[in-house]
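In listed order, ligands and their atoms are each counted from 1. Both backbone and side-chain heavy atoms feed into the values below; hydrogens, waters and symmetry mates do not. Predicted, not measured: the structure shown is a model, and the values here were computed from it.
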Amino acid sequence: MKRYYIGLATTFHDPALAIVDAEGEIVFAEAAERFLQDKRAINAEPDHLFRIAHLVKEYCEQDAEFTIARSWSASSSRLPFLAGAASRLGLLSPDWLPRAPLDGWSRTLLMRRYQLHHLMLCVQSAHLKAGANLALVMRHRFGNRKLRFLNFDHHLTHAAYACYGSPFSEAVCMIVDGTGEHGSISCYTYRNGRLDRLSRHRGPESLGGLYMLITELCGFSSFGGEEWKVMGLAPYGRTDEAIYRLLRPMIKVAGCGLRYPPMRQLRAGLTRLCRYRRAEGASALEAADLAHTWQRVFSEIMDELLQNLYAETRVDNLVLSGGCALNSSYAGRVFESTPFKRLHIPSAPADDGNAVGAALLAYEQTAGPRKTRQKLFSPYLGSRVSAETLTNVARWSGLRTLRHLPETVHLEAARRLAEGRILGWIQERAEFGPRALGNRSILADPRPREMKDRLNREVKFREEFRPFAPAILHEYGEEYFENYQESPYMERTLRFKQEVRAKVPAVVHVDGTGRLQTVKREWNARFHALIEAFHRLTNIPLLLNTSFNIMGKPMVHTVEDALAVFFTTGMDALVIEDYLLEK
Ligand SMILES: [Fe+2]
C-alpha cells in the first residue's frame with residue numbers, strides 16, 4: 001500500500017510541514033507563517049487544524065498509510081535542559097542582566113524564573129501537540145487509522161535535509177544552531193546517502209544563543225528572527241577593540257564544540273556588554289560597531305570550528321546548516337579562511353527545514369535509500385496562488401489596468417523594470433526558506449543609485465541601512481563577482497568586482513558585497529526569461545530581488561495578500577502569473 005511521510009518541524013518557532021511521497025520525492029514544504037501571515041508563527045502548530053485537511057487532499061491519497069515524523073526526539077527529560085540552553089544567553093530580552101535577582105537553578109541558567117517557566121511551556125506544548133491535529137484529521141475526517149509516528153534527533157533532521165539535497169556523494173556536515181537536545185553543534189559524515197554522527201557538542205554553550213543576545217543589544221528582536229539585521233548593519237561599523245576584548249573570551253572553541261569561561265567571568269562580561277545596548281529611539285547605526293565586532297567574532301569562531309572539522313576528516317565538501325548557516329556574509333568567505341573546496345547550504349537551514357529532514361529520514365527508515373541523490377532540492381515547494389481568485393479579480397475588481405498577457409508578461413514586466421518601476425512578481429510555487437528566489441519577489445532595476453532608499457522608504461517600510469540582493473544570470477556571475485560561486489538559494493555574500501559596482505549601485509552593499517542568487521534556466525525558467533529580457537533592454541544581467549512582504553510580515557501567501565501589499569505601498573506594477581496590474 002502507498003505510504004506518505006509527513007514531516008513536522010515542531011520547534012515552537014518557525015513550525016513547518018513537508019510531505020514526501022512513496023517514491024521519496026518532496027511534494028510539498030511550507031512554513032506555517034505563510035498561511036497564517038504571522039512572522040515566524042511563534043507557538044503555532046505546523047499542522048494547522050483547518051489547513052491540514054486541504055493539504056492531505058491536494059497532495060496525498062487519503063486512504064494511504066501515513067508516517068508522521070517529528071523534528072525532535074521524544075525524550076521529555078531533556079526539555080528543561082533544552083529550554084535553558086536555548087535561552088541561556090539571549091532568547092529572552094537580557095533586561096535582567098544588571099539587576100535581576102536569580103535564585104535556585106535559574107541562577108545556573110542565567111534567567112529569571114518566570115522567563116524560564118514561560119520558555120519551558122512553549123517548548124513543552126510544542127512537543128506535546130506535535131502532530132495532534134494531523135492525527136485528528138486523519139482519523140476523524142478521513143477515517144484513516146493507518147498512522148505511524150516517528151521522532152528524530154533535532155540535529156539529525158537538520159543534517160538529513162541539508163545533505164540529501166546537496167550535490168555531493170561525500171561530504172562532512174556541521175550543524176550550528178541555538179540548541180538541539182544535547183547542545184548546539186553536531187557534525188556528521190555523509191557518504192553515498194548514509195549519515196553518521198561524527199561528534200556532538202554537549203552543554204549549554206551556543207553561538208546561536210550569543211547571536212540572539214547581540215541581536216537584542218543592537219536594538220532588534222531575536223524572537224522576530226532579526227539576526228540578519230545585525231549582519232546587514234555590520235559593514236557600516238568598525239571593530240571596537242573594547243567590545244572585541246569583551247566578546248572574544250566569552251566563547252571558546254574546543255574541537256568541534258564550544259566552551260564558556262567560568263560562570264562568574266561570563267556573567268561579569270555579559271553585564272559589561274550590556275552597556276553597549278542601543279538606546280531606545282537611537283539610530284540603528286549607533287549599534288554598527290557592535291554588529292561589526294560581533295560579525296568578526298562569529299566568523300573567527302566558525303573558522304576555528306570548521307578548521308578543526310577539516311583537520312579531523314580531510315573531506316573537501318562541506319555541508320553547513322542550522323540557524324547560524326543563514327549568516328550569508330560568513331558563508332561567502334568560507335573558502336578564504338578554511339581548507340574546504342565546496343560548500344552547500346540548503347534553502348531553509350533554520351528549523352523550518354527540519355520538516356523536510358524528518359520526512360526524508362522517515363522515508364529512508366521505512367522504504368530504504370531514495371533513488372534520486374546528488375541533486376539540489378528545488379526551493380519551489382510551497383503553495384500556488386488560487387487561479388480561481390485571480391479569475392475573480394479579473395472579473396469583479398473593476399481594475400482597468402489589469403491585463404492578461406499569457407505570452408508576453410515577462411517582456412512587459414522587463415520593460416517596466418527598465419523604466420525604473422518597482423514590480424511585484426508572483427509565479428508558480430512559493431519558495432521554501434526565508435529568501436525570495438523569484439517566485440514571491442519584489443523586483444527593481446539595480447542601476448539607479450536611489451532605488452535602494454526608495455524601496456526601503458516607500459515599499460518595504462524598513463531601516464535605511466538594509467541592503468538589497470542581486471539575482472544574476474549564472475552566465476554572468478564571473479563577470480560581476482570576485483571568486484564567483486554559485487549561490488542557488490541566495491545563501492552566500494560575495495564581493496562585486498570593482499569595475500561593475502557603479503553599474504548596479506542599488507544592489508552593492510556599503511562594503512562592496514552582494515548576497516546573490518544564481519539564476520539558471522533549469523532551476524527557474526520563467527524568472528530566467530524575465531532577467532534575460534531585462535538584460536536585452538539594459539545590458540545588465542541582474543535584477544534587484546527582495547522578498548514580497550513589508551517589514552515584520554512574512555512573504556505574501558495569497559492573491560489577496562499580494563493585492564493588499566500592492567495597494568498599500570509605493571509599488572508601481574504587479575505580476576501574478578500571467579496577469580499584469582499597474583497603478
Ligand atoms: Fe535547530
Side-chain angles (χ1 to χ4, degrees), residues 7-18 29 31-33 40-44 46 69-75 78-79 81-91 119 122-124 126-127 130 151-165 173-188 195 197 199-212 215 222-225 227-228 256-258 298 302 305 319-327 331 345-361 432-434 491:
L8 301 176
T10 53
T11 312
F12 69 94
H13 57 79
D14 303 300
L17 181 147
E33 66 162 27
R40 304 197 81 195
I42 305 275
N43 285 340
R70 298 176 285 210
S71 68
W72 288 88
S73 51
S75 172
R78 303 297 306 170
L79 289 176
F81 167 80
L82 167 69
S87 59
R88 178 170 176 157
L89 286 176
L91 193 55
L119 187 67
C122 291
V123 173
Q124 284 174 323
H127 192 78
N151 296 297
F152 291 99
D153 177 271
H154 183 70
H155 281 178
L156 182 63
T157 60
H158 271 298
Y161 169 54
C163 290
Y164 295 163
C173 171
M174 181 177 272
I175 307 302
V176 189
D177 67 0
T179 191
E181 288 88 342
H182 303 271
S184 66
I185 298 177
S186 294
C187 298
Y188 299 84
L195 272 169
R197 195 170 63 229
S199 66
R200 173 144 79 183
H201 167 67
R202 288 175 182 270
E205 296 85 356
S206 169
L207 197 54
L210 197 50
Y211 211 132
M212 292 159 119
T215 303
S222 59
F223 248 92
E227 281 83 350
W228 50 22
C256 289
L258 300 166
F298 176 87
M302 286 299 300
L305 288 167
V319 175
L320 198 56
S321 199
C324 290
L326 282 170
N327 194 297
I345 295 174
S347 70
D351 282 8
D352 46 351
N354 296 347
V356 175
L360 291 174
L361 284 165
F432 183 55
E491 75 275 15

Glu227/Leu326 under side-chain contact (heavy atoms from CB on, under 4.5 Å): CA gap, chis, key distance, verdict
CA-CA 9 Å; Glu227 281 83 350; Leu326 282 170; over 6 Å; no
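His155 lies apart from the Fe ion (ligand 1) in this respect, since none of its N, O or S atoms is found at a distance under 2.8 Å.
Distance CG/Leu258 to CG/Leu207: 6.5 Å, rounded to 0.5 Å.
Distances from the Fe ion (ligand 1) to the N/O/S atoms of Asp351 are shortest for OD1. Per residue Asp177, closest N, O or S atom to the Fe ion (ligand 1): atom name OD2. Within His158, the N, O or S atom lying nearest to the Fe ion (ligand 1) carries the name NE2.
Side-chain atoms of Arg200 do not come within 3.5 Å of backbone N or O of His182 as any donor-acceptor pair.
Using modelled atom types and a 3.5 Å distance limit, the side chains of Thr11 and Asp351 yield a donor-acceptor pair.
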